[in-house]
Amino acid sequence: MHSIGLTPARFRERRGMRGREALWFYIALSVALLVLEFIGSSIPVQVRAYANDIAAPVLTVLERPVRAIQAGLERVAGVSDIYLENQSLRDENGRLREWREAALQLSRENERLRQMLKVPQREVPPAATARVIGVGGGAFERSILINAGSSDGLVRDLPVVDDRGIVGRTIQVGHLTTRVLLVTDLNSRVPVRLERSGELAIAEGQNENFLRLRFLPKGADVKVGDRVLTSGHGGIFPPDLPVGRVTYIDDEFVLLEPLGFLGKLDYVRVMSYVPVPDEDQSLMESPGGGHQ
Amino acid sequence: MSIGRSSPIVSFGIAGFVPLLVSLFMALLMLLPIGSGVANEIMPNLVLISVFYWLSNRPLLMPYGACAVLGLFMDLWLDVPLGLNMLILVLTRLFVLNQLKHYRGRSRFVHWLVFALMSLAMYVLSWIVISGVETTLWPVRPLLLQWLVTAFSYAPVGFVLGRLRRTALR
């Protein structure tokens, strides 16, 4: 193991020196990388997107048995409740049929009115439906990794939803994978409005399992249980997507429970949302429009 | 830098890479969507446990370079500021190499206690670094929760790693 001509003492001394050099080299390297992050360089973002692509195949393989075990455990746990659940689902199904009829009727009426008033369509087509293959951040960030990327037409800042409401937005897009920043992350801000009163506010993530409502006007009409929807401001989230439900109010805070099932995300839908530009802006950008 | 002609990793053959590969696997395990959305919080820092374990038992098989590479992959995959986990794991090695003489050969409980205290110091450092990089005071509760879960997970994870060590590195 020792190099020829080196005594054990000299060998240990040389190894110790190399160890110290390595220690300082890696400390300097990590500090340099942290400085890059601090000044907001875009290099780490691109590197991360490709690093996720490398992990994706392994995660896809590892994730399957985890899901299978989870599903098996849930099935075993749910056997005792199956008859009660069946009855409850039958009742719910009946109610949903009635709601469906009402919704179809309203939708037809809405469509007719939109055509009469020349209001543009508000349906947002899905860009991709993807499976959650990883979570990230540890205690620092709330994010998930999904198995769709630029090869599926995804780009940055697209809204991501599940069947209950908004989940987050795309932040790093690799070739095969995309990282989604959850609405509960500290860096997440979603412009919202209260469904009942229409008051505008910002739903802010707290790195906890709830959101905080900020910039709500003084004396705003808000009650526990109120639903909160996206307002459509800011250009990332389309209007009227469910965000959360008010769970706590005091003089300082209004807290929301997210409606998206962030606890057990399996599949999510990425929406191909392009906000409708202002009329003045679209005129400026159209051929023949703008400076003449 | 650390894997050279006389590197102990190379002299062990393929088995010499077991600590690094196991720790890398632990990093991937940390990414899996296990349980629920609070998995982000309640998932123990398996890489910190693994690195501490291997450094306490086979320090030459976990050189600074290996700690730095593991830290870099963790930073990339967990989407935390680049350099954060690299710094933490490199400092973990520095700590263990300096303090190992005080707890080597002592009971598992002592190892557990040393790990709990060291990891607490590392989490405090992480909090300071991330608050500095993001220029905002980061919430303490999720970090405290993850530290607690990590500290309590040391015993079972260390037991599994011990079995693996006896099998792979006789």
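Numbers restart at 1 for each chain; the letters A, B, ... are given by sequence-line order, proteins then strands.
Atom-to-atom distance recorded for A:N187:CG and B:T136:OG1 is 8.5 Å, nearest 0.5 angstrom. Distance CD/B:E134 to CD/A:E141: 8.5 Å, rounded to 0.5 Å. A:I54 contributes atom CD1, which lies 6.0 Å from atom CZ of B:F73 (distance to the nearest 0.5 angstrom). Between A:R179 atom CZ and B:L78 atom CG the span is 7.5 Å, to the nearest 0.5 Å.
Taking the side chain as every heavy atom from C-beta outward, B:W138 and A:N207 approach each other to under 4.5 Å. Between A:I27 and B:L91 there is a side-chain heavy-atom pair separated by less than 4.5 Å. Inter-residue side-chain proximity for A:N52 and B:L76 is flagged as unmet; no heavy-atom pair is nearer than 4.5 Å.
Proximity to chain B (any heavy atom under 4.5 Å) is restricted, for A:Q206, to the backbone atoms N, CA, C and O. With a 4.5 angstrom heavy-atom cutoff, B:L87 touches chain A via backbone and side-chain atoms both. Heavy atoms of B:I130 lying under 4.5 Å from chain A belong exclusively to its side chain. Interface residue B:L72: only side-chain heavy atoms are found under 4.5 Å from chain A.
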Could you give me the CA-CA distance, side-chain angles and deciding distance for A:L145 and B:W77, then say whether side-chain contact (heavy atoms from CB on, under 4.5 Å) is met? CA-CA 9 Å; A:L145 201 63; B:W77 287 339; over 6 Å; no
With side-chain contact (heavy atoms from CB on, under 4.5 Å) as the criterion, how do A:V135 and B:L32 come out once you've worked through the C-alpha distance, each side chain's angles and the decisive distance to 0.1 Å? CA-CA 6 Å; A:V135 295; B:L32 286 176; over 6 Å; no
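The two residues A:L34 and B:L84 make their nearest non-hydrogen contact at CD2-N, 3.9 Å. Shown here for B:G83 and A:S30, the closest heavy-atom pair between the two residues is O-CB, 3.3 Å. The shortest non-hydrogen separation linking B:M86 to A:L33 is CE-CD1, 4.0 Å. Contact detail for A:R48 and B:D75: the closest heavy-atom pair is NH1-O, 2.7 Å. A pairwise comparison of heavy atoms in B:G65 and A:Y26 identifies CA-OH, 3.4 Å as the closest pair. When all heavy atoms are compared, the tightest approach of B:V133 to A:E37 is CG1-CB, 3.9 Å.
Put simply, of A:L186, A:T184, A:V58, the one with the most heavy-atom pairs under 4.5 Å next to chain B is A:L186. Between chain B and the residues A:I133, A:L23, A:L62, the largest count of heavy-atom pairs under 4.5 Å involves A:L23. Heavy-atom pairs under 4.5 Å with chain B were tallied for A:L59, A:I39, A:V31, A:V35; the largest tally goes to A:L59.
Checked against A:F140 for a side-chain contact (heavy atoms from CB on, under 4.5 Å), the options B:S126, B:P142, B:P139 give a single hit: B:S126.
The 12-atom threshold is not exceeded at CZ of B:F25, counting heavy atoms of other residues, nucleotides or ligands nearer than 6.0 Å.
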